[in-house]
Amino acid sequence: MKKVSPIDVLVIGNGAREHAIAWKFSTSPSIGRLYVAPGNIGTAGIAVNVDVDVNDIRALLAIALKFQVHITFVGPEIPLALGIVDLFQEHGLNIVGPTRAAAQIESSKSFAKHIMKLAGVPTASYKQFSCAKKALEWGRNASYPLVVKADGLAAGKGVIIAGDYREFADAVDITLSQMKFGKASEMILVEDFLIGTEVSVFGFVDGSNISALTAAKDYKRAYDDDFGPNTGGMGSYSVPEYWSDELAMEIRETIFRPIVTTMWEENIPFVGILYAGMMMTSDGLKVLEFNCRLGDPEAQVILMRLESDLISICYKLLNESLAEQDVLWSESSAVGVVVAAKGYPDKYKTGFSLGPSLDKIQNVMVFHGGTAMDHGRVIGNGGRLFTVVGINNSLNIARETVYKALENVECEEVFYRLDIANS
Ligand code: AMP
Ligand code: GLY
């Protein structure tokens with residue numbers, strides 16, 4: 001039999017999502033050397049961490065060149081929005097993700113709306129403002145609730161729901177006048193408030209072909225029953241009960257296909273992972289937003305369900321031959337619960353010891369995010385500390401396994417939601 005040469009891979013990012021991505025690569029039969037930049041204590045166990053700023057795309061290029069990696073895979077959105085893919089391609093390197101222009105599907109909400117309009121994809125109707133006075137004038141006669149969104153990247157925090165004119169005026173003040181989100185809020189979108197069930201849908205895209213899709217539910221609020229402030233995501237499970245082959249096909253053909261075709265026709269082909277945040281309303285499916293990467297914590301659950309080889313998928317994406325690749329999602333259910341530092345997403349402590357808890361967590365995967373090692377002790381070093389994921393044919397058993405494992409977390413400084421996957 002012909003021996004396949006090992007493939008050296010560089011994963012960019014340092015969260016639990018990137019730990020899950022690196023873990024998935026590590027299971028590939030063709031993996032060679034695996035690097036993560038900058039990585040975390042979880043990736044240190046399966047890869048070589050390279051200390052670098054995740055947004056310093058020139059330093060990341062230097063690392064890819066130095067280690068002569070065959071493939072680079074980008075976890076977070078900021079390096080994509082900064083043009084890491086364009087830069088690597090200029091140097092002849094294989095990198096999985098959209099170019100800076102295509103990443104605008106996430107980094108500019110007005111660009112995303114423009115593409116959705118061209119593609120005829122359903123989304124909330126909206127207005128765009130860059131002048132606070134004009135926005136306020138318009139808001140006087142609007143009907144509420146409305147949703148105010150910073151146009152640019154705001155780490156998931158740039159969305160404000162305004163229940164009445166007063167809240168709308170506050171939102172306009174925070175965004176356009178005070179520029180709380182910096183350049184991201186030089187322009188805002190104001191859109192209709194949609195009511196329904198939210199779902200995150202993911203597919204691999206090679207510019208023109210789209211893989212089989214999968215879905216996950218993300219829990220954005222900090223506390224049980226969706227109370228508390230919005231966070232980056234406190235847990236996830238895949239797939240939601242209402243997900244079916246028919247729904248997957250409908251979303252693929254009526255949302256993903258027209259977007260991918262339109263971007264291709266506009267000469268901004270999308271390559272990478274396309275993530276649609278959608279609302280199932282009484283008036284049909286509507287897109288809330290697109291992201292140009294895997295979600296965190298959704299990646300931690302969907303990658304556990306990905307049966308196909310990630311290296312093989314990456315090559316098919318790079319060669320525009322995704323049509324030749326099966327992307328198989330397991331029938332099993334995966335449940336992921338994020339353990340966060342008390343106080344997150346606002347002020348929280350770091351440097352506390354997580355004690356021996358982590359060693360006692362069994363029968364599940366632990367994907368590290370905001371943890372660090374200090375003299376042999378695992379300590380808190382961020383808001384979202386780690387994600388615990390269980391997988392089973394039964395969603396109930398997957399959930400029970402995770403919560404059973406979490407009983408071993410005895411640290412007083414942390415919290416997690418108790419209602420993930422508990423519908
Ligand atoms: P986004 O960053 O656009 O996904 O928005 C963050 C969250 O705000 C979404 O996950 C929804 O829960 C909520 N949201 C955004 N847009 C709308 C909308 N038009 N109607 C209702 N909720 C929304
Ligand atoms: N979990 C939401 C996101 O990654 O954007």
Side-chain angles (χ1 to χ4, degrees), residues 13 15-18 20-21 74-78 80-81 103 105-113 116 122-127 142-163 167-168 171 175 181 184-185 188-202 215-222 226-238 273-303 336-338 340 344-345 367 369 383-384 387 417 420:
R17 165 181 54 202
E18 287 73 22
I21 294 168
V74 189
E77 62 277 18
I78 293 179
L80 293 168
I105 197 83
E106 171 165 4
S107 65
S108 163
K109 293 200 189 279
S110 52
F111 174 87
K113 288 284 195 194
M116 282 190 262
T123 179
S125 57
Y126 73 106
K127 288 244 171 280
S143 44
Y144 291 89
L146 283 171
V147 185
V148 178
K149 298 184 172 184
D151 183 61
L153 292 178
K157 300 195 176 82
V159 175
I160 305 170
I161 293 165
E167 287 178 8
F168 176 74
T175 52
F181 306 106
S185 61
I188 57 167
L189 265 64
V190 181
E191 65 177 35
D192 289 349
F193 181 77
L194 301 175
I195 297 171
T197 304
E198 235 180 295
V199 60
S200 306
V201 183
F202 299 85
K217 173 154 174 66
D218 180 20
Y219 292 78
K220 288 205 164 74
R221 298 297 193 101
D226 285 339
F227 283 106
N230 258 324
T231 70
M234 293 299 295
S236 182
Y237 73 99
S238 177
I273 289 150
L274 187 60
Y275 158 175
M278 306 210 312
M279 192 77 97
M280 301 193 291
T281 73
S282 55
D283 199 20
L285 288 160
K286 297 204 172 169
V287 174
L288 294 174
E289 63 162 355
F290 282 109
N291 294 318
C292 63
R293 48 156 180 101
L294 283 166
D296 183 345
E298 294 98 320
Q300 292 89 302
V301 290
I302 70 168
L303 290 175
V337 176
V338 173
Y344 171 80
F367 294 118
R384 291 190 292 172
T387 310
R417 279 182 63 155
I420 305 300

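Counting starts at 1 for both ligands and their atoms, following the listed order. Sequence positions, counted from 1, serve as the residue numbers for this chain.
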What atoms of ligand 1 come within less than 4.0 Å of a heavy atom belonging to [X]?
| X | result |
| --- | --- |
| K109 | 2 (O), 3 (O) |
| E289 | 1 (P), 2 (O), 3 (O), 4 (O) |
| V147 | 16 (N), 17 (C), 18 (C), 19 (N), 20 (N) |
| E191 | 16 (N), 17 (C), 18 (C), 19 (N) |
| K220 | 10 (O) |
| K149 | 3 (O), 15 (C), 16 (N) |

Got a donor-acceptor contact below 3.5 angstrom from the [X] side chain to the [Y] backbone?
| X | Y | result |
| --- | --- | --- |
| T387 | V337 | no |
| T123 | K286 | no |
| E106 | A103 | no |
| R384 | G369 | no |

Please work out whether any backbone atom (N, CA, C, O) or any side-chain heavy atom from C-beta onward of N230 is under 4.0 Å from ligand 1, and answer side chain, backbone, both or neither.
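Neither; no heavy atom under 4.0 Å.
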Yes or no: does K286 have any heavy atom under 4.0 Å from an atom of ligand 1?
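K286 does not count as a contact of ligand 1 under the 4.0 Å cut-off.
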Nitrogen or oxygen of V159 less than 3.5 angstrom from that of ligand 1
no
Hey, mind stepping through E298 and Y275 against side-chain hydrogen bond (donor to acceptor under 3.5 Å, both in side chains) and telling me if it holds?
CA-CA 10 Å; E298 294 98 320; Y275 158 175; 2.8 Å; yes
Go through the steps to decide whether R293 and R17 satisfy the test side chain to side chain contact (heavy atoms under 4.5 Å, CB included), and finish with yes or no.
CA-CA 10 Å; R293 48 156 180 101; R17 165 181 54 202; 3.2 Å; yes
Ligand-residue contact atoms, ligand 2 with [X], heavy atoms, under 4.0 Å:
| X | answer |
| --- | --- |
| G295 | 4 (O) |
| G232 | 1 (N), 2 (C) |
| D218 | 1 (N), 2 (C) |

Any salt bridge linking E191 with K109? Criterion: basic side-chain nitrogen under 4.0 Å from a carboxylate oxygen.
no
Distance from atom 5 (O) of ligand 2 to nearest protein heavy atom, with residue and atom:
R293 NH2, 2.9 Å
Of the options L189, I188, V159, which is the one that meets V148 in a side-chain contact (heavy atoms from CB on, under 4.5 Å)?
I188
For L285 versus P122, what's the shortest heavy-atom pair and its separation?
O-CG, 3.2 Å
